[in-house]
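Down below is the structure, laid out as structure tokens.
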Amino acid sequence: CAGQPETLGRLCRPGPEAAVDTLVVKAFAARRPRLLHTAATDTDACAERHTAAIPLLAGAQRIGVLCLTSAETASFDSEEIDLLLELADDIAYGVDSLRTRELHRQAVESLRLRERAIESSINAIVISRSDPAADNPVIYANTGFERMSGYPLDEILGRSLRILLG
């Protein structure tokens with residue numbers, strides 16, 4: 001707060017919480033920055049605040065709101081807002097990238113689990129490419145198929161299942 005000693009961990013409230021909450025909700029819903037000026041009061045000279053709420057957008061998806069508060073009177077001019085919009089875009093990109101990376105990791109883990117289940121199945125599992133011109137060649141066969149048919153996997157891959165007809 002202006003004129004007060006700085007204390008580690010001391011935070012001044014950014015004005016009435018309800019007004020800031022409304023500002024955040026409006027910025028999130030409108031997908032546009034919103035600004036709020038809270039005037040000082042007789043009981044709290046530290047109450048004067050300028051708050052900017054900037055939505056974090058990843059494409060069409062809203063992922064959050066960057067909310068900044070300043071006690072300076074000339075806060076958040078158009079140049080600062082442009083800079084904050086760029087910062088919000090960078091943050092949104094980073095958050096979206098982290099979420100996408102996590103979804104990818106989960107998908108890979110799920111595929112590995114399915115692959116282990118298919119490979120270890122005692123049932124014969126064969127996958128062929130839908131290509132009538134090439135007689136629907138086998139692109140995958142598990143060890144269950146190898147045991148049941150007697151054909152080594154390297155002999156069946158790339159060939160038609162017609163080989164089983166003799």
- Go through R105 and E102 one step at a time and tell me if the salt bridge (Lys or Arg N to Asp or Glu O under 4.0 Å) criterion holds. CA-CA 5 Å; R105 186 196 64 75; E102 176 59 19; 2.6 Å; yes
- Just do the side chain to side chain contact (heavy atoms under 4.5 Å, CB included) check on R34 and F28 with the steps written out, would you? CA-CA 9 Å; R34 297 289 191 206; F28 190 77; over 6 Å; no
- Query: Given L35 and I81, is the side chain to side chain contact (heavy atoms under 4.5 Å, CB included) satisfied, shown in steps?
  - Reply: CA-CA 10 Å; L35 301 174; I81 291 294; 3.7 Å; yes
- Criterion side chain to side chain contact (heavy atoms under 4.5 Å, CB included) on E155 and I163, from CA distance to verdict: CA-CA 10 Å; E155 286 185 27; I163 195 171; 5.8 Å; no
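Across all their heavy atoms, L23 and L36 have their closest contact at CD2-CB, 3.7 Å. Between L84 and I54 the shortest heavy-atom distance is CB-CD1, 3.3 Å. Heavy-atom minimum distance, V24 versus A53: CA-CB, 4.2 Å. Minimum heavy-atom separation, P132 to S130: CD-C, 4.0 Å. Residues G158 and P137 approach most closely at O-CB, 3.5 Å, considering heavy atoms.
With S75 contributing its side chain and S70 its backbone, the two residues share no donor-acceptor pair below 3.5 Å. Between the side chain of S121 and the main chain of A117, no donor-acceptor pair closer than 3.5 Å is present. At distances below 3.5 Å, not a single donor-acceptor pair connects side-chain atoms of R31 with backbone N or O atoms of P55. Between the side chain of N142 and the backbone N or O of N123 there is at least one donor-acceptor pair closer than 3.5 Å. Under the 3.5 Å distance criterion, the side-chain polar atoms of N136 are matched with a main-chain donor or acceptor of D131.
Looking at residues two or more places apart in sequence or on another chain, you find a side-chain contact (heavy atoms from CB on, under 4.5 Å) between R114 and S110.
For the atom pair CG of L153 and OH of Y140, the computed distance is 8.0 Å after rounding to the nearest 0.5 Å. Note that CD1 of I118 and CD1 of I127 are 6.0 Å apart. Values are rounded to the nearest 0.5 Å. A distance of 8.0 Å separates CG in L57 from CD1 in I63, rounded to the nearest 0.5 Å. The distance from the CD atom of E119 to the CZ atom of R112 is 15.0 Å, given to the nearest 0.5 Å.
L68 and L83 sit in two unconnected hydrophobic clusters of ILVMFWY residues. Membership requires side-chain heavy atoms under 4.5 Å apart, directly or through other members. Residues V65 and L56 do not share a hydrophobic cluster, clusters being chains of Ile/Leu/Val/Met/Phe/Trp/Tyr side chains in contact below 4.5 Å.
Tested against V126 for a side-chain contact (heavy atoms from CB on, under 4.5 Å), the candidates L164, L161, I139 yield a single pass: L161.
In the displayed structure, E79 atom CD is contacted under 6.0 Å by at most 12 heavy atoms of other residues, nucleotides or ligands. Around CZ of R62, the count of heavy atoms belonging to other residues, nucleotides or ligands within 6.0 Å exceeds 12. Within 6.0 Å of atom CD in E80, more than 12 heavy atoms from other residues, nucleotides or ligands are found, so the atom counts as buried in its surroundings. Residue R147 qualifies as enclosed at atom CZ: its count of foreign heavy atoms under 6.0 Å is above 12. In I122, the CD1 atom is not crowded: 12 or fewer heavy atoms of neighbouring residues, nucleotides or ligands sit closer than 6.0 Å.
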Only pairs under 3.5 Å count here: list side-chain donor-acceptor contacts from residues 87-94, not counting sequence neighbours, and write none if there are none.
none

